[in-house]
Amino acid sequence: MGNQKDKYRLLVENLPDAVANHQIVTDSEGKPVDYIFLEVNPAFEEMTGLAREQVIGKKVSEVFPDIAHASFDWIGTYGRVAQGGGTIHFEQYSEPLGRHYEVTAYAEDDSCFSVIFKDITGRKEKEVRTKELDFLHSFSLLFRNDKEGYELEKILAETARLLPPVFQHPQLACACITFAERQYKTKGYRTTSWKISSTLKARGEQVGTIVVCYLENPDQDREPFLKEEKIMLDMVAEHLGQAIERNWLERERKNTFEFSKDMIGYAGFDGKIIEVNPACEKILGWKQEEFIGSSFFDYIHPEDLDATYKSTEKLADGESEEGFTNRYRCKDGSYRWLSWNSYPERQLQRSFFVARDITEAVKAEEELHKAHDQLEVKVEERTADLKRALAQVQSLRNIDMAITGSLDLRVTFKAILDEVTSLLNVDAAAIMRVDPSTVTLHYEAWRGFTVADPSDFSMSWGAEFAGRVAMDREVVHIPDLKETGQNVVQRPLMDQEGFQSYYAVPLIAKGHVQGVLEVFNSQPLDKGDEWLRFLETLAGQASVAIDSAELFNKMERSHVELLQAYDATIEGWGRALDLKDEETEEHSQRVTKITLDIARKMNIKNEELPHVRRGATLHDIGKMGVPDSVLLKPGKLDDDEWEIIKKHPVYAYEMLAPIDYLRPALDIPYCHHEKFDGNGYPRGIKGKQIPLPARIFAVVDAYDALTSDRPYRKAWSEEDTLALIKKESGSHFDPEVVKVFLEYIQKEF
């Protein structure tokens, strides 16, 4: 029987899962109020960071004083197992340890129970990332356009519904989006003190908010929201603001669609009418709801059917059809002549059409052919206007896609200048930026210059054409540049290229002048109000692009400055520790540099090196918890004092683990006193169980300590120090690290 118990104990000791035996503690009424640690296996110590002697014989409330206030009732759950018997299996987050565990608990007798658990934090974090990716995928699907454009109300309502499951406590989360005096919110939403929010902005103004609340505090001792969740919420707000702007633009486009006298709409290549504006009733007498869904072949005059079929085949083959005419049956049975301009959209298997009633024109043609020719010219002019309007809308869309798709102003400026020169039909265009530090204008991007290099030219605020535009905030038009002789700086640029006509528009965003958009032409340039309005619209797009890029750059600089402040604080801690432990500042600098050099040679990834540097700087941070009477004792330490010293890695863990920023740097402060053969402290782990940065630092720290003077001894010689390190290879030190270290020392020193 005893042999069987020994085998069971040996099995438990070598299990990879943590095992702990407990005895339940009850009050006078038999209610579980605590439990005592009776036994734990090595995996328990490694998984929790708690040494066996820290827990055996102690109540859980002594080991974790805040356990009674945790969101999960550990004592009550285990009490029901101990008193009721049986086995339970569940997953739960441990707030005292800050980890997720998979737990199996079973009763051994009336008061004792055992718990087997494994750390599933990595899996849970992966699930969180998966939830975020699922949300981003679902969120992106909301932005797919259909014939009506963005369904804004659906986007807002669905976004509010999709948000709560993404947060770290989805069962407590609720969301509300406020826009245009309406609220789109999840069931049971109410405002609490545990919330984060982000502003919805459209066209530079606040138009609403997104708020995510927890209906109760998930953890009284920690910030309930992660910084990544705030970043995600800001991203969602930015995309919703863009959707609102597009919705406004679509509504403006739709107004034009609704009030046009021409019949405008979409039809499938099979003849089915998909969408049509109200003009169909004015022209043909058919209401929209009667017309949509029917086939336009049903209304064609029999004599025009063959020609109409051929026209449709051309559209299906990808060819535009402009000026096609046929007779269409009205609701009263009469026929009217329509002139069609149709443009295929092959991916959607449909065409966009503009149909004009030309019945009176056809009748007049029968009487007077000349009058028909004049009418045809007008139709062509109207067609050109429509094409130009469509081209302008497409141009704005191209620029908008460039702005939203990249924060690189060079890409955005290229797109803007391409549209300016092609759609406005000018020879050249350029964008100038304001340098706030010198209050001067410099050429940032240009197109169409064949001789001169605009980057060589700059001008003061208020000087030249561009400088006056920036200062006065008004558009300037120079019909003939040869008649102006004062622009000393810009005149050589104009002369080299042979420009005659000039326009300049200020780039203004949020009340600030960002620069100037210039257009140049070798011939007189006076296109009228519509042309100028479109130029100003393109200038507005350039202003938005500059403002968005500068906002992103400011945020990026703030992030870098914050990281630098963190690292400066860490270095200050390191210097304070050196002074307290009677070591020089050079000690931390030396061991940190050599540790990083060895880490690179042992192929530690570049993104992990900052954590190695911080860990080396703070390697003895735990000594802040050691009394000075022990730490600074000049003589030999007794056994009790030595036990106190050996706790400083645990103190380091307890100090740094709650700090998210420093948790990846814990390897060295927590493990650099572990030995390769398992005889180190605080946990007695061995071999590759010891993190590689800690194994590297152990060698570097020993070398620097032995070769440096101390108050209680003189520095060792280089030869004696290296001999000791070779001797301790495989016992105290990792042989692979020792090999790389010795090669490094011989090469560097």
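None of the values given here were measured: they were computed from a predicted structure. Index from 1, following the sequence.
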**Prompt:** When you measure from the side chain of D620 to the backbone N and O of H648, does any donor-acceptor pair fall under 3.5 Å?
**Reply:** no

**Prompt:** Less than 4.5 Å apart, any side-chain heavy atom of D734 and any of I696?
**Reply:** no

**Message:** Which residues pass the ring-ring contact (aromatic ring centres under 6.0 Å, His included) test with Y670, not counting sequence neighbours?
**Reply:** Y653

**With F676 via ring-ring contact (aromatic ring centres under 6.0 Å, His included) - residues at least two apart** = none

**Side-chain touch F167/I196, heavy atoms, less than 4.5 angstrom** = yes

**Request:** Could I get the full list of side-chain hydrogen bond (donor to acceptor under 3.5 Å, both in side chains) partners for S61, not counting sequence neighbours?
**Result:** D34

**Complete:** Between K195 and C213, the two heavy atoms sitting closest are CB-SG, 3.6 Å

**Message:** Tell me the closest heavy-atom pair linking P32 and G79, and the distance in Å.
**Reply:** CG-CA, 3.6 Å

**Message:** Would the distance check show the side chain of Q83 and the main-chain N or O of G30 forming a donor-acceptor pair, the cut-off being under 3.5 Å?
**Reply:** yes

**Message:** Suppose we screen for side chain to side chain contact (heavy atoms under 4.5 Å, CB included). Which residues come up paired with P693, at least two apart in sequence or across chains?
**Reply:** I604, V612, D667, I668, P691

**Fill in**
S717 meets the side-chain hydrogen bond (donor to acceptor under 3.5 Å, both in side chains) criterion, sequence neighbours left out, with D720

**Message:** Tell me whether the count of non-hydrogen atoms from other residues, nucleotides or ligands lying under 6.0 Å of CG in D639 goes above 12.
**Reply:** no

**Asked** Quick one: does T104's side chain get under 4.5 Å of F117's, heavy atoms only?
**Response** no

**Item:** Smallest separation among heavy atoms of P735 and S729, with atom names
**Value:** CA-OG, 3.3 Å

**Item:** side chain to side chain contact (heavy atoms under 4.5 Å, CB included) partners for I231, two or more places apart
**Value:** none

**Prompt:** Q54 side chain to A51 main-chain N or O, any donor-acceptor pair under 3.5 Å?
**Reply:** yes

**Asked** How far does CG of L233 sit from CG of L163, to the nearest 0.5 angstrom?
**Response** 6.5 Å

**Asked** Is N41 reaching over with its side chain to a backbone N or O of V19, donor-acceptor style, under 3.5 angstrom?
**Response** yes

**Asked** Is it true that K646 and E643 make a salt bridge, defined as a side-chain N closer than 4.0 Å to a carboxylate O?
**Response** yes

**Complete:** G625 and Y651 have their tightest heavy-atom pair at O-CE1, 3.6 Å

**Message:** Counting C-beta onward and ignoring hydrogens, is there a side-chain heavy-atom pair between H89 and E102 closer than 4.5 Å?
**Reply:** yes

**Item:** Pairwise distance CG(L706) to CD(E718) - rounded to 0.5 angstrom
**Value:** 11.0 Å

**Asked** Heavy atoms, side chains only, cut-off 4.5 Å: are V699 and R695 in contact?
**Response** no

**Request:** Mind jotting down which residue pairs meet the salt bridge (charged side-chain N to carboxylate O under 4.0 Å, His left out) criterion with at least one end in residues 39-49? Sequence neighbours excluded, please.
**Result:** E39-R52

**Side chain to side chain, L172 and W194, heavy atoms closer than 4.5 Å** = no

**Request:** To the nearest 0.5 angstrom, please state how far the CZ atom of F37 sits from the CD atom of Q23.
**Result:** 13.5 Å

**Message:** Between K593 and D597, does any side-chain N to carboxylate O distance fall below 4.0 Å?
**Reply:** yes

**Item:** V211 side chain reached by T191 side chain, heavy atoms, under 4.5 Å
**Value:** no

**Request:** May I ask you to check whether T592 and Q589 show a side-chain donor-acceptor distance below 3.5 Å?
**Result:** no

**Message:** So, using ring-ring contact (aromatic ring centres under 6.0 Å, His included) as the criterion, who are the partners of Y35 when residues are at least two apart?
**Reply:** H22, Y78, F113

**Prompt:** Is the backbone N or O of Y106 less than 3.5 Å from a side-chain atom of T87, with the two atoms forming a donor-acceptor pair by type?
**Reply:** no

**Enclosure of E607 CD (heavy-atom neighbours >12, cutoff 6.0 Å)** = yes

**Item:** CZ on R613 to CD on E608, rounded to 0.5 Å
**Value:** 14.0 Å

**Message:** Going by the rule side-chain hydrogen bond (donor to acceptor under 3.5 Å, both in side chains), which residues pair with E641 if we only count those two or more places apart in sequence or in a different chain?
**Reply:** K633

**Asked** Can you name the nearest heavy-atom pair linking V115 to A105, along with the distance?
**Response** CG2-CB, 4.2 Å

**Request:** Could you tell me whether a side-chain N or O of T186 sits under 3.5 Å from a main-chain N or O of A175, the two making a donor and an acceptor?
**Result:** yes

**Prompt:** When rounded to the nearest 0.5 angstrom, what is the spacing between CD1 in I36 and NZ in K59?
**Reply:** 6.5 Å

**Message:** Checking H611 now: which residues fulfil ring-ring contact (aromatic ring centres under 6.0 Å, His included) with it, not counting sequence neighbours?
**Reply:** none

**Request:** Starting at CG of L722, measure out to CZ of F741 and round the result to the nearest 0.5 Å.
**Result:** 6.5 Å

**Complete:** Applying side-chain hydrogen bond (donor to acceptor under 3.5 Å, both in side chains) to K688 and not counting sequence neighbours gives none

Let me have the donor-acceptor pairs involving side chains of residues 677-687, under 3.5 Å, with sequence neighbours excluded, atom names and distances please.
residue, atom, partner, partner atom, Å
D677, OD1, N679, N, 3.1
D677, OD1, N679, ND2, 3.4
D677, OD2, N679, ND2, 3.1
Y681, OH, H673, ND1, 3.4

**Prompt:** With a 4.5 Å heavy-atom cut-off, do K58 and V55 have their side chains touching?
**Reply:** no

